[in-house]
> 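What follows is a structure written as structure tokens; I'll ask about it next.
The basis for the numbers below is simple: all heavy atoms, side chains too, and nothing from hydrogens, waters or symmetry mates. Just so it is clear, the structure is predicted and the values come from calculations on it, not from any experiment.
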Amino acid sequence: MTEQTTRLVLPSHIEAVADAAAAANGFVQSCGLGEEIAFGITNAIVHGNQEDEAKKVEVTFNCLEHALEIEVKDQGEGFDPATVPDPTDPANILKTSGRGIFLMRTFMDEVDWLARPEGGTKVRLVKKF
């Protein structure tokens, strides 16, 4: 497998989700992984920037020798992932949102959040082959 990188800069509106999902799906499959890995990585478009079209989301896909690495950078206000309610708690089971972090942690081998000094959040996801 050859190493490859793709970088997308997307506007923060709901229509960009389909473009990001298609790009993620294509890149992930070119790295030899199934499309289930691409599921959910466009969360920053809707949640990180609150669909503020003045802000951008940058997504970088790195297909390395033994792993897929995805970095998502937004320009939003940031958040503390430890404060997000557990979606498996019976009180949250029927809620229609709040599963993004849970899904990322389920599908990926590594998930890291970093508050960016210039504002926003960087999420790094790694799926090992």
> Supply the members, apart from Leu94, of the Ile/Leu/Val/Met/Phe/Trp/Tyr cluster built from side-chain contacts under 4.5 Å; use none for a lone residue.
Ile93
> Taking Lys127 for the side chain and Phe107 for the main chain, is one N or O donor matched with an acceptor at less than 3.5 Å?
yes
> Quick one: CE on Met108 to CG on Leu125, what's the gap to the nearest 0.5 Å?
4.5 Å
> Measure the spacing between CD of Glu3 and SG of Cys63 and express it to the nearest 0.5 Å.
8.0 Å
> Taking the side chain as everything from C-beta on, heavy atoms only, tell me whether Asp112 gets closer than 4.5 Å to Leu114.
no
> Report the C-alpha distance between Leu8 and Phe61 in whole Å, list the side-chain angles of each, state the deciding distance to 0.1 Å, and finish with yes or no for side chain to side chain contact (heavy atoms under 4.5 Å, CB included).
CA-CA 9 Å; Leu8 305 171; Phe61 302 95; 3.8 Å; yes
> Determine the minimum heavy-atom distance between Trp113 and Arg105, stating which atoms define it.
CZ3-NH2, 3.6 Å
> Where do Asn92 and Pro85 come nearest, in terms of heavy atoms and distance?
ND2-CB, 3.5 Å
> Indicate the atoms forming the closest heavy-atom contact of Arg99 with Lys95, along with that distance.
NH1-O, 2.5 Å
> If every non-hydrogen atom of Lys56 is compared with every non-hydrogen atom of Gln75, which pair is closest and at what distance?
N-OE1, 2.8 Å
> With respect to Phe27, which candidate in Asn62, Thr5, Thr6, Val59 satisfies the side-chain contact (heavy atoms from CB on, under 4.5 Å) definition?
Thr6
> At their closest point, which heavy atom of Val111 faces which heavy atom of Met104, and how far apart are they?
CG2-O, 3.6 Å
> Between Lys128 and Glu110, does any NZ, NE, NH1 or NH2 come within less than 4.0 Å of an OD or OE carboxylate oxygen?
yes
> Do you know which two heavy atoms are closest between Thr121 and Gly78, and how far apart they sit?
OG1-CA, 3.3 Å
> Say you draw a straight line from CG of Leu64 to CD of Gln4; how long is it, rounded to the nearest 0.5 Å?
10.0 Å
> Roughly how far, to the nearest 0.5 Å, is CG of Asp86 from CD1 of Ile101?
11.0 Å
> Quick one: are Phe129 and Leu68 in side-chain contact, heavy atoms under 4.5 Å?
yes
